[in-house]
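Notes for the one structure printed next.
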Amino acid sequence: MNLTIKQQIETKVRDAIKQAMIEGIFPEDLLIPEVQVESPKNPEFGDFATNISFPLTKILKKSPHDIAGILIKYLEKEKMIKKVEVAGAGFINFWIASERLHEILKEIEINGERYGSSNIGQRKKTIVEFLSANPTGPLHVGHGRGAAIGDIIGNILGFCGYDVTREYYINDVGNQMVKLGASLQSRYLDLLGESLPLPEEGYQGEYMIDIAKKLYELEGDSCRDKDVLYFKNFAMSEILEDIRQSLLSFGVHFNSWFAESTLYQEEMIKKVLDKLENMGYTYEANGALWLKTTAFGDDKDRVLIRENQIPTYFTGDIAYHCSKYVRGYELLIDLWGADHHGYINRLKAACLALNYPKESLVILLYQLVSLSRGNQPVSMSTRQGEFVTLTEVIQEVGKDAARFFFCMRKSDAHLDFDLELARSQSQENPVYYVQYAHARICSILRKAREAGLEIKSYEKIDVSVLNLSEELMLLSKMSTLQDEVLGCARTFEPHRLTIYLMEMVSIFHNYYNHHRIISSESDITDARLLLVNGLRIVLKNTLSLLGISAPEEM
RNA sequence: GCGUCCGUAGCUCAACGGAUAGAGCGUUGGACUUCGAAUCCACAGGUUGGAGGUUCGAAUCCUCUCGGACGCGCCA
């Protein structure tokens, strides 16, 4: 794709500085700072603005106002810039020529559903691991946040040209799973009229009884003498199937499900341990084997093999991340709940010890969701079986509203999910504001078609009649889709897209309420139909990145 | 005790170190005989928890402090 308007301005500002250097106005050895161009909040400050004069002040020993004054001499010669002026203490504000804004419609026409995409990822093999909830119970509301954010980050990176795989890591090894098996065994024997108490800290939820019933329906009483392992496997596969179904209704699709147990089957654990040992980063103490993570920024060393000779969870996790590298991934993105933050340094340390490049492992956190009903906190414990499932929430408020709600907020902010509020606000969820605009445009296009008006191609239309300030603002907003997506990819902040959508749609609703798209003036009608159709595509592309539907009517 | 994150309008939240801190909900008053009123327009609402500091400029960065959440296992 060609450069966006914003990127063109950045280039032109840099060129202006270089030109001033060539002409001896600026010193020839000047180190040009990064040029930042933004869309100002206040429309009086133009379509775009840059603060470049400020970082240059110190280097050039001139006032920002004077520097800006020098630069605009070069910039005002540019054809795509209608007006450029110095404002405030030294900001440079740009008004884009309408001809350039109109071209956005041509770019949308050419690129269609790819409009906004890019190739900075250069097909880099990337694995996004998220959710990875233990298969000990159904997904609850809190999991929804991780699922939504992880899925959307995957979409965004894919749109930016990364080769993305989404993976779910299944913790099918360890004590919790044994307890799960024992819990099912107890519930199953209950059905046979035999009593085996639930294990200490066993899983008490209703769903375990349902699974026991299912096992009884399938196998009768023939499992009376099966061991805990048998029950564990049955419980786990049932629960994983339930998780898969929940995710399906939430619009989340994993390409890969990776079981912890395969690390043992394929001796990955042993290989990693050997490697760390050979590199001299391990030692024995108190009967256990330790990894010197402190040599790589951790605050204490960590146990790899316990005194009882069983590897720790950590060892498995090192082997797991190692397997990602072995499978050819160059960029590893992990999305964890913030309760795991204390674990970051040790995992990063282990990957450094194994000589993997530091930047190749990115660990993102999202803050936990607390649940309340009215003002009363609701606890969420899988073990005690007290929780509201993700499926229930989706049934109540819908997939689109739930996803939008989860990704509207910065992921490092705490989120309180009030069930009553969620229900009452489901009708007021901003997602409808955005979807309504899309449906409204589709309705206009239907009306036009009924009147025998088709959307003509860009070349056949006189787009110069699009000269209302709302139309130009809309085009200016539409022009930054790629910039917004790239910003999200750089910062891993998907919530920016929701803000972008709301700002853009607000301009549209305002425009719609004050001007008619279809009118008796056919040249204006043609151009406006092309404009709203372009907006429809921008909305659809953005919603699709968020995994939210773009309804044609609602 | 140590560490991570958060504190912004009555409520839920935005704001790449930038210009007069913005939206929605709620309150008040207006706009449908014309493309969808799930919309639009107007009004009101703030010492960005508090105190210092860094600089051309701080809600944002640093130090201290108050309040909240979460971590600190040879658990997973």
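Below, each value reflects all heavy atoms present in this structure, side chains not excepted, and no hydrogens, waters or symmetry copies. Residue numbers begin at 1 in each chain, while the letters A, B, ... track the order of the sequences.
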For B:rA58, the nucleotide meeting Watson-Crick or G-U wobble distances (both under 3.5 Å) is none
Quick one: which of B:rA38, B:rC41, B:rC74 gets closest to the side chain of A:H514? B:rC41
For the side chain of A:N42, starting at C-beta, report the closest nucleotide among B:rA38, B:rC40, B:rU20. B:rU20
Parallel, tilted or perpendicular: which describes the rings of A:Y169 and A:Y320, with under 30° parallel and over 60° perpendicular? parallel
At under 4.0 Å between heavy atoms, what does A:I518 touch on the DNA or RNA strands: base, sugar-phosphate, or nothing? base
Classify A:E307 by what it touches in the nucleic acid, base, sugar-phosphate, or nothing, heavy-atom distance under 4.0 Å. base
Mind checking A:N286 for me? I need base, sugar-phosphate or nothing, with any heavy atom below 4.0 Å counting as a touch. base
What do you reckon, is CD of A:E552 surrounded by more than 12 foreign heavy atoms closer than 6.0 Å? no
In terms of ring plane angle, is the pair A:W290 and A:Y283 parallel, tilted or perpendicular, where the classes change at 30° and 60°? parallel
May I ask you to verify if any side-chain N or O of A:Y432 is less than 4.0 angstrom from the OP1 or OP2 atom of B:rA38? no
Between CG of A:N51 and C1' of B:rG18 the distance, given in whole Å, is 6 Å
Whole-Å distance between B:rC74 C1' and A:I318 CD1? 14 Å
With a non-hydrogen cut-off below 4.0 angstrom, is A:E503 in contact with a base, only sugar-phosphate, or nothing? nothing
Whole-Å distance between B:rG24 P and A:F405 CZ? 18 Å
side-chain N/O A:R302 vs B:rG73 OP1/OP2, d < 4.0 Å: no
Answer with base, sugar-phosphate or nothing: what part of the nucleic acid does A:H438 contact at a heavy-atom distance below 4.0 Å? nothing
Picking from B:rC35, B:rA76, B:rC74, which would you name as closest to the side chain of A:W290? B:rC74
Tell me which nucleotide among B:rU55, B:rG36, B:rC74 gets nearest to the side chain of A:R446. B:rG36
Taking a pair as Watson-Crick or G-U wobble with both distances under 3.5 Å, which nucleotide is matched to B:rA21? none
Base, sugar-phosphate alone, or nothing: which one does A:A288 contact when heavy atoms must sit under 4.0 Å apart? base
Looking across every strand, which nucleic acid part, if any, lies under 4.0 Å from A:A437 by heavy atom: base, sugar-phosphate, or nothing? nothing
For A:A451, which contact category applies under a 4.0 Å heavy-atom criterion: base, sugar-phosphate, or nothing? nothing
It should be established whether A:R306 places a side-chain nitrogen or oxygen under 4.0 Å from OP1 or OP2 of nucleotide B:rC75. yes
Using Watson-Crick or G-U wobble geometry with both distances under 3.5 Å, which nucleotide pairs with B:rG7? B:rC66
Identify which nucleotide among B:rA14, B:rC5, B:rC74 has an atom closest to any side-chain atom of A:T312, counting heavy atoms from C-beta outward. B:rC74
Could you check whether the side chain of A:H340 and the base of B:rG71 have a donor-acceptor pair of N or O atoms closer than 3.5 Å, going by distance alone? no
How is A:M554 classified with respect to the nucleic acid when contacts are heavy atoms under 4.0 Å: base, sugar-phosphate, or nothing? base
Quiz item: cation-pi between A:R516 and A:Y512, 6.0 Å / 45°: no
Whole angstroms only, please: what is the OH-C1' distance between A:Y343 and B:rC74? 13 Å
Compute whether any side-chain donor of one residue and acceptor of the other, for A:N286 and A:E307, lie under 3.5 angstrom apart. no
Pull up the glycosidic torsion of B:rC32 and say syn or anti, syn being anything within 90° of 0. syn
By a 5.5 angstrom centroid cut-off and a 30 degree plane limit, is there stacking between A:Y433 and B:rG24? no
When only distance counts, do a donor and an acceptor, one from the side chain of A:N93 and one from the base of B:rA19, lie under 3.5 Å apart? yes
On RNA chain B, does the nearest nucleotide to A:D412 precede the nearest nucleotide to A:R496 from the 5' side, or the other way round? Give the residue. A:D412
Quickly work out the A:K300 NZ to B:rC72 C1' distance and round it to whole Å. 6 Å
Let's see if you can work this out: which of B:rC56, B:rU34, B:rA76 has an atom nearest to the side-chain heavy atoms of A:K58? B:rC56
Base, sugar-phosphate or nothing for A:Q435? Non-hydrogen atoms, less than 4.0 Å. nothing
Checking N1-N3 plus N6-O4 or O6-N4 for Watson-Crick, or N1-O2 and O6-N3 for wobble, each under 3.5 Å, the partner of B:rC72 is B:rG1
Would you say A:K447 reaches B:rG36's phosphate, i.e. side-chain N/O to OP1/OP2 under 4.0 Å? yes
In terms of side-chain heavy atoms of A:I444, which of B:rC13, B:rC70, B:rG36 is nearest? B:rG36
Between A:K456 and A:D526 (salt bridge meaning N to carboxylate O under 4.0 Å), is one present in this structure? yes
Integer-rounded Å distance: B:rC56 C1' and A:I59 CD1: 14 Å
Between A:N510 and B:rC41, does any side-chain N or O lie under 4.0 Å from OP1 or OP2? yes
For A:S443, report the nucleic acid contact type (base, sugar-phosphate, nothing); a contact means any heavy atom under 4.0 Å. base
When A:R490 and A:V505 are each assigned the nearest nucleotide of RNA chain B, the 5'-most assignment goes to A:R490
Which part of the nucleic acid does A:A439 contact within heavy-atom distance under 4.0 Å: base, sugar-phosphate only, or nothing? base
Is it true that the side chains of A:H514 and A:E470 contain a donor and an acceptor less than 3.5 Å apart? no
In the structure shown, which nucleotide is the Watson-Crick or G-U wobble counterpart of B:rU33, with both distances under 3.5 Å? none
Is any NZ, NE, NH1 or NH2 atom of the basic residue among A:D334 and A:K324 found under 4.0 Å from an Asp or Glu carboxylate oxygen of the other? yes
Measure from the side-chain heavy atoms of A:H341 and tell me the nearest of B:rU4, B:rC5, B:rA76. B:rU4
Return the nearest nucleotide to the side chain of A:K41; candidates are B:rA15, B:rG36, B:rC74. B:rA15
Check this for me: does any side-chain nitrogen of one of A:D299 and A:R302 sit under 4.0 Å from a carboxylate oxygen of the other? yes
Side-chain atoms of A:I517 come closest, of B:rC75, B:rA14, B:rC35, to B:rC35
